[in-house]
J.: 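Here it is, the structure, as structure tokens.
All values below come from the heavy atoms of this structure, side chains included, with hydrogens, waters and symmetry mates left out. For the single chain, residues carry numbers from 1 onward in sequence order.
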Amino acid sequence: MDTKIVLSKPLSLEGQSDSDEHYEAPNILHRILSLFKNMRQGSDLSCFKLPPVFNMPKSQLQCYAESVYCTSSDLLSNLNSGKTPLDRLILVVAWSISTIRPLRFGVAPYNPTLGETHHVSKGNLNVLLEQVSHHPPVSALHATDDKENIEMTWCHSPISKFNGTLVETKVHGKRQLKLQNHGETYEMSSPNLVIRILPIPGTDWVGNVSIRCQETGLVAELNYIGQSFFGFRAGRRLIKGKIFDSLSMKILYKIEGHWDSTVTVRNTTNTEARVIYDAKEVLSGLQAPIVQDPESVWPTETALVWGELSQAILSKDWEKAREAKKTVEERQRELFKERESKGGNWVPKHFLVSYSKEGGWECSPIQKSVPKAPIATL
């Protein structure tokens, strides 16, 4: 068992993290073209194994969690400050946009191992994730702020496919946010990630996102628009949308802006626009979490499971990185064979999980509240 716990810096507004300093675009593009040269169009990449040179020093589980606990300004606890249901939906929209982070072309997080966890606290917010399925990959998140009476559950099942000149990842599953002081539950979807290989390498978040409050009938619809190839920066990381009453279908606000700079809402009854989200304010100066109690860190903690590999990537020791990744993968195969020999199925420790063709994956937390974590962030 590794004893090294490694937590790298989160992705910042500029899309930079510890891992990004190691790569230059021409080398990465050449390597990626070589990697996919024998890949058929439409191939499912969920089981595709990347060499460590293509990995950032963290798991996908940690990337999901960072979008919740890594912010400079606390949009989440501010959700209760909205005086009306419409005010609160606008605040939820701003928070939802803050979970979208710029990514760097050419590097990807590790595929989480079965049962891998990530448990981090930020002030009164406690966040817990578990990889509840490996094939297909399904990640569950539960976060609670007992002071603000806010609860969040996510169930993510990403499916990546190679489409010739790009890789598109569709994030299936839903996100649920409860403002218990107001008796409101918001259900929302996720945009898709597109990694363009040709003609211009880059990454984009694209597609439609719906945010619906079950109790009030208020709905926000957002459209993330990919980068234009015609050289107009106006098309870069664009977001447009509207807020409407689903009962009367009356449009109340128009939303527009750039998710990596500022987003505004404009009341449809007048021309006044106001900024509801400023990425520079929310995503600048982000720091890695700190291990406060190493003895209490679970053996399944992502920063421990991948610690040796992450350290090797940060040190650019690619031979050691290959060995570390092979060790993790072999350990997973051993555990799988052990379960098979005993005829038992693996059962998640922190979530009840179900699947149906109609509703997809459902992940319900076993505990009502997430406990304080031995890893914390400011």
Side-chain angles (χ1 to χ4, degrees), residues 60-71 74-80 82 88-101 103 112 118 120 122 125-133 136-145 148-159 169-180 182-193 205-216 218-224 239 241 243 246 255 259 263 276-277 282 348 350-356 359-365 369-370:
Q60 180 63 65
L61 215 59
Q62 188 177 339
C63 291
Y64 287 144
E66 285 176 357
S67 67
V68 173
Y69 65 67
C70 278
T71 55
D74 197 352
L75 297 180
L76 193 62
S77 64
N78 193 43
L79 297 179
N80 281 325
R88 290 190 290 276
L89 176 58
I90 291 171
L91 291 171
V92 170
V93 167
W95 172 79
S96 170
I97 296 168
S98 79
T99 65
I100 303 303
R101 305 295 167 95
L103 298 174
H118 189 42
V120 177
K122 179 183 182 179
L125 177 68
N126 301 313
V127 183
L128 172 62
L129 293 92
E130 182 178 18
Q131 190 69 11
V132 296
S133 173
V138 182
S139 306
L141 176 148
H142 185 211
T144 54
D145 184 329
E148 295 292 335
N149 287 324
I150 293 173
E151 182 181 23
M152 190 189 319
T153 55
W154 291 4
C155 191
H156 279 184
S157 177
I159 297 177
T169 300
K170 293 185 178 181
V171 184
H172 297 276
K174 64 184 177 184
R175 303 176 172 188
Q176 194 177 75
L177 177 68
K178 293 182 179 180
L179 303 183
Q180 292 164 337
H182 303 282
E184 293 172 351
T185 299
Y186 297 85
E187 286 195 353
M188 58 199 82
S189 53
S190 307
N192 300 330
L193 173 63
W205 290 102
V206 300
N208 297 319
V209 170
S210 171
I211 304 172
R212 177 183 296 270
C213 180
Q214 298 173 350
E215 292 77 16
T216 65
L218 294 173
V219 179
E221 289 182 351
L222 308 176
N223 183 18
Y224 287 83
I239 185 170
I243 293 174
S246 63
I255 302 166
W259 58 261
V263 178
I276 61 165
Y277 178 69
V282 177
H350 307 284
F351 294 87
L352 298 172
V353 180
S354 61
Y355 176 80
S356 68
W361 290 92
E362 295 279 347
C363 305
S364 304
S369 186
V370 179

J.: Quick one: are C155 and V138 in side-chain contact, heavy atoms under 4.5 Å?
T.: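 When only atoms from C-beta onward are counted, V138 and C155 do touch, with a gap below 4.5 Å.
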
J.: To the nearest 0.5 angstrom, please state how far the CD atom of E215 sits from the NE2 atom of H182.
T.: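 With rounding to 0.5 Å, CD (E215) is 12.0 Å from NE2 (H182).
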
J.: Within the structure provided, determine whether I243 and L89 are in side-chain contact (heavy-atom separation under 4.5 Å).
T.: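 Counting from C-beta outward, I243 and L89 do come under 4.5 Å.
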
J.: Determine, step by step, whether L193 and W205 satisfy the side-chain contact (heavy atoms from CB on, under 4.5 Å) criterion, reporting the C-alpha distance in whole Å, the side-chain angles of both residues, the deciding distance to 0.1 Å, and the verdict.
T.: CA-CA 5 Å; L193 173 63; W205 290 102; 3.7 Å; yes

J.: Please report the closest heavy-atom contact between C70 and R101, naming both atoms and the distance.
T.: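 Distance-wise, the nearest heavy atoms are O-NH2, 2.8 Å.
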
J.: Any side-chain heavy-atom pair from Y186 and L179 closer than 4.5 angstrom?
T.: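 A side-chain contact exists here, since the closest heavy-atom pair is under 4.5 Å.
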
J.: Where is the tightest heavy-atom contact between I276 and A94, given as atom of each residue plus distance?
T.: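 For I276 and A94, the tightest heavy-atom pair comes out as O-CB, 3.3 Å.
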
J.: Among all residues two or more places apart in sequence or in another chain, which pass the side-chain contact (heavy atoms from CB on, under 4.5 Å) test with T216?
T.: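 Residues passing side-chain contact (heavy atoms from CB on, under 4.5 Å) with T216: P85, E184, C213, L218.
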
J.: Would you call the rings of Y64 and H156 parallel, tilted or perpendicular, taking 30° and 60° as the class edges?
T.: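 Aromatic pair Y64/H156 classed perpendicular.
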
J.: Taking side chain to side chain donor-acceptor pair (under 3.5 Å) as the definition, give me every residue that meets it alongside T169, ordered by chain and number, with sequence neighbours left out.
T.: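 Only S160 meet the side chain to side chain donor-acceptor pair (under 3.5 Å) criterion with T169.
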
J.: In Å and rounded to the nearest 0.5 Å, what is the CH2 to OG distance from W95 to S67?
T.: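 Here the rounded value is 7.5 Å.
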
J.: Quick check against the 3.5 Å criterion: does T71 have a side-chain atom that pairs as donor or acceptor with the backbone of V282?
T.: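 No, T71 side chain to V282 backbone: no donor-acceptor pair under 3.5 Å.
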
J.: Just do the side-chain contact (heavy atoms from CB on, under 4.5 Å) check on H118 and V120 with the steps written out, would you?
T.: CA-CA 7 Å; H118 189 42; V120 177; 3.4 Å; yes

J.: Look at the side chain of D145 and the backbone N and O of I150, then say whether any donor-acceptor pair between them is shorter than 3.5 Å.
T.: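 No, D145 side chain to I150 backbone: no donor-acceptor pair under 3.5 Å.
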
J.: Looking only at non-hydrogen atoms, find the nearest pair between V370 and T144 and report the distance.
T.: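 Answer, listing the atom of V370 first, then T144: N-OG1, 2.9 Å.
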
J.: If you measure from CH2 on W259 to OG on S98, what distance do you get to the nearest 0.5 Å?
T.: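 If I round to the nearest 0.5 Å, the distance is 12.0 Å.
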
J.: Test your reading of the model: is there a side-chain donor-acceptor pair from S189 to the backbone of S210, 3.5 Å cut-off?
T.: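 Yes; judged by distance alone, with no hydrogens or angles, the pair exists.
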
J.: Just by modelled atom types, is the G173 backbone N or O under 3.5 Å from a matching donor or acceptor in the W154 side chain?
T.: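 A pair under 3.5 Å: no.
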
J.: Check whether K122 reaches the backbone of V127 with its side chain - one donor and one acceptor, N or O, closer than 3.5 Å.
T.: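 Checked: no pair found.
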
J.: Fit a plane to each ring of H142 and F351, take the angle between them on a 0 to 90° scale, and name the class: parallel (under 30°), tilted (30 to 60°) or perpendicular (over 60°).
T.: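 Rings of H142 and F351: perpendicular, as their planes differ by over 60°.
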
J.: At what distance, to the nearest 0.5 angstrom, does CG of L177 lie from CD of E187?
T.: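 L177 atom CG to E187 atom CD measures 10.5 Å (nearest 0.5 Å).
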
J.: Do the side chains of V68 and L125 get nearer than 4.5 Å, heavy atoms only?
T.: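 Yes, their side chains come closer than 4.5 Å.
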
J.: Flag the pair N208 / E221 as yes when at least one side-chain heavy-atom distance between them is below 4.5 Å, and no otherwise.
T.: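 The answer is no, as the side chains (C-beta and beyond) never meet within the 4.5 Å cut-off.
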
J.: Closest heavy-atom contact between L91 and G82?
T.: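 Distance-wise, the nearest heavy atoms are CD1-N, 3.7 Å.
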
J.: Rounded to the nearest 0.5 Å, what separation is found between the OG1 atom of T153 and the CD atom of E362?
T.: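 The CD atom of E362 is 9.0 Å from OG1 of T153, to the nearest 0.5 Å.
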
J.: Of all heavy-atom pairs between L61 and L129, which one has the smallest distance, and what is that distance?
T.: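 It is O-CD2, 3.5 Å.
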
J.: For the residue pair R175 and S96, confirm or rule out a side-chain donor-acceptor distance under 3.5 Å.
T.: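 No, no side-chain donor-acceptor contact under 3.5 Å.
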
J.: Atom CZ of R212 and atom NZ of K174: how far apart are they, to the nearest 0.5 Å?
T.: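 Between R212 CZ and K174 NZ, I get 12.0 Å after rounding to 0.5 Å.
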
